[in-house]
Amino acid sequence: MNDIITGIMTAAEREPERIAVIDGRGREVTYGELARRVNAVRDAMAERPGPEAPATVESGSLPESPSRPTTDQAQEVTTPRPRPATDQARETATPQPDPTADQAQEATADAESGPRPREARAGAESGLRPGKATADTKSGLQPGKATADTKSGLQPESGLRPGDGVLFAVRPGVDAVVLALGAVAAGGTLVLADPGLAPDVLAARLAVTRPKWVVTESLLYTLSGPLRGLARRRGLLLPNLRDPLPGWPVRHLYTGPWLPGVPRGALRLSLILGSPGSSAPATPSTQTTPGMPGARIGHGPYGSPTADQPAAVIFTSGTTARPRGVVHTRGSLAAGLELFRRAFPLGPGDIVHTDQLMLGLPALLAGATWSLPGGGDLAAELAERKATHTFAVPVHLDRLLRETPRLPGTLHYLLLGAAPAPPGVLRRAIEAGPEVLSIYAMTEALPIAIVSAREKLAQAEGDLLGASLPGVGVRIADDGELFVSGPHLAQRYLGEEPLKEVATGDLVRLEEGRLVLLGRKKDMILRDGVNIYPGLYEPAIAALPGVAEAAIVGLPDPETGDEEVVLAVIPTGGYDEALLREAIPEIVDAAAVPDRIESLDAFPRSGRAGKLDRAALRELVARRV
């Protein structure tokens with residue numbers, strides 16, 4: 001398989017009546033209905049071949065804007081703002097939405113779909129969380145023809161051409177899955193808009209990607225248009241989705257009922273889809289799939305898709321002036337999904353409960369059911385859905401297991417990722433019942449290695465990552481940094497040359513063919529001429545009695561350049577610092593014994609995954625001197 005769309009359509013052809021997706025409200029959609037919806041969106045967005053070829057714009061070059069932005073638009077891209085409640089932690093934390101927005105969301109779902117029993121299996125709106133991805137014009141994104149001014153209500157005359165960017169802001173749910181797959185099937189590259197981004201950062205990303213379509217919810221048009229003043233007073237400053245890049249015309253496709261602020265001429269998802277079981281008119285580029293009414297396998301008017309066609313660009317870092325984006329193609333994403341699917345048993349009858357695309361899509365490829373969280377208690381949802389697989393980040397799993405030590409018996413696999421898991425969390429996860437697997441991955445290469453929690457706990461030194469997955473190439477440089485390659489590797493960074501391998505920034509060593517993490521390259525500590533790798537010792541220290549978590553940081557001496565080695569710990573029951581000091585020399589090399597120990601109530605963390613913020617930790621322990 002070299003294409004994610006073809007793989008899902010093939011699964012739909014095999015068993016069209018099998019349940020493909022369960023949304024946050026418990027409503028079900030079959031594979032046949034999912035395929036029908038994806039094809040309907042694809043057909044609505046795809047442009048028919050014409051005499052003009054799309055223009056190509058090099059990454060970083062900007063079109064001349066025919067009109068100056070208004071004062072309000074200028075403020076949109078210069079005023080910092082707090083992150084909205086809808087952009088909070090992914091797994092177990094429940095967002096606290098603005099009451100007005102919450103009421104509008106309920107009205108949106110009810111007006112669009114109405115109450116439907118679970119047995120209807122037609123699916124409906126449930127919503128999608130904005131994310132952080134976009135597209136690269138240099139690697140195939142096309143800006144399209146600027147034929148009209150969106151501010152006047154006019155739309156570009158052409159549809160989506162292969163490589164065009166699609167600004168995407170829909171909360172997680174069936175609609176999100178359908179719209180995302182349909183846009184990619186039509187040849188688009190997803191530009192996932194996160195309203196929580198600083199305005200100037202989002203503006204910079206849009207400037208280099210120039211999306212030709214906006215796919216979002218009617219509610220967001222209202223909150224970023226007629227109700228923008230109210231939204232601002234509630235601390236929610238959204239981008240102007242009607243005109244995201246002033247002077248650059250876009251077309252619009254929205255989900256939910258019509259609300260004030262929806263652009264004139266915008267396409268409405270429910271009208272595109274029609275009623276369940278209906279079939280849109282066939283085009284010369286589509287084939288009817290036997291036994292699947294209304295579901296067609298097709299590749300759009302420009303013929304079969306290519307594996308190197310961009311599908312999404314995920315921004316990871318970079319300045320406002322030069323956004324850093326990772327360009328993934330349909331082929332690289334498909335290769336990564338296949339690695340996930342083969343790494344652990346997954347097939348028809350399994351139910352994967354997650355909002356993570358890189359786990360939900362492998363479920364669809366395998367003919368399993370993708371269950372989308374509803375925002376309630378995770379343990380209760382796992383039991384209600386009879387989930388067999390789920391994903392969590394360690395910091396959220398820790399909270400869950402303290403409240404619910406035993407997980408439902410139907411759960412066979414618990415997958416951990418996004419941040420290292422302390423030994424205490426791994427032990428509680430194993431005691432909770434399922435097989436616990438830890439995923440090592442990076443944005444540029446998803447995944448790299450997968451290992452069981454039991455094997456990680458048995459590792460004496462360092463953090464065991466496991467053997468690299470089949471087809472994943474690994475190279476360890478002279479300084480110990482790990483480089484990765486393989487078919488799942490991203491095509492390039494935005495505006496840069498194609499990648500052959502990528503530096504992980506992680507320092508590793510090989511033990512019997514398995515990768516052992518020693519620490520981040522930038523986190524290496526230098527004392528008395530000796531390199532100290534925190535990751536080599538932290539798991540062993542965290543496994544000692546009375547220690548919940550451990551982290552080692554270095555504080556540079558401005559006069560000597562040498563670093564003080566500080567061990568920070570989060571104590572748990574039975575903690576005794578004197579006993580800890582006695583135990584450390586037995587598990588830590590003499591050259592790495594910490595100069596001092598600091599006990600803290602909690603470690604500073606960053607991002608949705610709750611990763612340890614070492615820079616903040618350094619500042620915290622430095623103030624304690």
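This is a predicted model, so every value here is computed, not measured. Computed from heavy atoms alone, side chains included, the values below leave out hydrogens, waters and symmetry copies.
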Any Lys/Arg nitrogen of [X] or [Y] sitting under 4.0 Å from an Asp/Glu carboxylate oxygen of the other?
X: Glu431; Y: Arg427; value: no
X: Asp506; Y: Arg520; value: yes
X: Glu338; Y: Arg341; value: yes

Could you tell me whether the side chain of [Y] reaches within less than 4.5 Å of the side chain of [X], counting heavy atoms only?
X: Leu457; Y: Ile430; answer: yes
X: Val502; Y: Val326; answer: no
X: Thr404; Y: Leu378; answer: no
X: Leu357; Y: Leu333; answer: no
X: Arg428; Y: Pro405; answer: no
X: Leu400; Y: Leu407; answer: yes
X: Leu397; Y: Leu414; answer: yes
X: Glu511; Y: Glu461; answer: no

Do the side chain of [X] and the main chain of [Y] share a donor and acceptor less than 3.5 angstrom apart?
X: Trp370; Y: Thr354; answer: yes
X: Ser438; Y: Val451; answer: no
X: His328; Y: Thr443; answer: yes
X: Ser332; Y: Ala490; answer: no
X: Arg527; Y: Ala591; answer: yes
X: Arg330; Y: Val184; answer: yes
X: Gln309; Y: Gly187; answer: yes

Describe, in one word, how the ring planes of His389 and Tyr413 are oriented to each other, choosing from parallel (under 30°), tilted (30 to 60°) and perpendicular (over 60°).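 Ring orientation, 0 to 90° scale: parallel.
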
Take Arg605 and Asp613 through the test side-chain contact (heavy atoms from CB on, under 4.5 Å) and record every step on the way to the result. CA-CA 5 Å; Arg605 302 188 181 277; Asp613 188 335; 5.7 Å; no

Verify side-chain contact (heavy atoms from CB on, under 4.5 Å) between Arg596 and Leu555, making sure each step is shown before the conclusion. CA-CA 11 Å; Arg596 61 184 169 101; Leu555 298 178; 3.3 Å; yes

Stepwise side-chain contact (heavy atoms from CB on, under 4.5 Å) test for Asp463 and Lys456: CA-CA 7 Å; Asp463 185 7; Lys456 289 179 77 73; 2.5 Å; yes

Nearest heavy-atom neighbours spanning Asp601 and Ile570: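 Nearest heavy atoms, Asp601 then Ile570: O-CG2, 3.8 Å.
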
Quick check: closest heavy atoms across Val327 and Tyr493, and the distance to 0.1 Å?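 So the two residues come closest at CG2-C, 4.3 Å.
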
Any chance you could measure [X], atom [atom1], to [Y], atom [atom2], to the nearest 0.5 Å?
X: Thr504; Y: Tyr440; atom1: OG1; atom2: OH; answer: 4.0 Å
X: Arg614; Y: Glu619; atom1: CZ; atom2: CD; answer: 14.5 Å
X: Leu339; Y: Ile448; atom1: CG; atom2: CD1; answer: 10.5 Å

